[in-house]
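This one's a predicted model, so the numbers in the text were calculated from it and none came from an experiment.
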Amino acid sequence: VWTKITDRLDFDVVPHDLRRTAATRLFIVDRWNPAEVQAFMGHRDPRVTLSIYTLVEAEALPQPSTLNIRSM
């Protein structure tokens, strides 16, 4: 189902990309601490959370008004 939807929208995203975006925004925009994000993401080791989700600067995150998603 995911592939059919993303192909139709010409949207090159996998579900894990959405997970990364959510976690990164929790760190940068909502200012959650690593323990909160770790618990939310279900990681046992905080190093996993920190190594994957803290590599983006706030300025690099797309703002909702700049996303270009065509309607079906």
Side-chain angles (χ1 to χ4, degrees):
V1 171
W2 180 263
T3 303
K4 287 180 184 180
I5 293 169
T6 56
D7 285 349
R8 186 168 180 184
L9 294 173
D10 193 27
F11 197 56
D12 188 24
V13 174
V14 296
H16 203 247
D17 292 334
L18 302 175
R19 181 177 166 90
R20 282 191 196 109
T21 300
T24 301
R25 285 186 174 274
L26 290 174
F27 272 120
I28 295 173
V29 177
D30 297 329
R31 305 232 183 257
W32 283 25
N33 68 50
E36 292 170 320
V37 177
Q38 174 192 354
F40 182 78
M41 301 307 289
H43 295 144
R44 292 182 188 177
D45 187 342
R47 292 175 292 184
V48 171
T49 307
L50 292 171
S51 69
I52 295 173
Y53 301 111
T54 59
L55 303 175
V56 178
E57 298 292 325
E59 294 78 27
L61 294 174
Q63 299 304 309
S65 62
T66 64
L67 295 177
N68 185 15
I69 300 175
R70 298 180 298 172
S71 62
M72 294 175 71

Next on the checklist: Is there a side-chain contact (heavy atoms from CB on, under 4.5 Å) between Thr6 and Asp12? Walk through the geometry before answering.
Outcome noted: CA-CA 6 Å; Thr6 56; Asp12 188 24; over 6 Å; no
Checklist entry - When rounded to the nearest 0.5 angstrom, what is the spacing between CG in Leu26 and CE in Met41? => result 8.0 Å
Checklist entry - What are the two closest non-hydrogen atoms of Val48 and Ser51, and how far apart are they? => result O-OG, 3.1 Å
Checklist outcome for this item: OG1 (Thr24) and CZ (Arg19) are apart, to the nearest 0.5 Å, by 11.0 Å
Next on the checklist: Hydrophobic clusters here meaning ILVMFWY residues chained together by side-chain heavy-atom distances under 4.5 Å, can you tell me if Val14 and Ile5 are in one?
Outcome noted: no
Checklist entry - Does Gln38 use its side chain to pair, donor to acceptor, with the backbone of Thr49 at less than 3.5 Å? => result no
Item to check | Spacing of CG belonging to Asp30 relative to CD belonging to Glu36, to within rounding of 0.5 Å | outcome: 10.0 Å
Checklist entry - Under the side-chain contact (heavy atoms from CB on, under 4.5 Å) criterion, do Leu50 and Phe27 qualify, and how do the steps go? => result CA-CA 10 Å; Leu50 292 171; Phe27 272 120; 4.2 Å; yes
Checklist entry - Do the side chain of Asp45 and the main chain of Arg47 share a donor and acceptor less than 3.5 angstrom apart? => result yes
Next on the checklist: For Asp17, is there an ion pair with Arg20 - N to carboxylate O distance below 4.0 angstrom?
Outcome noted: yes
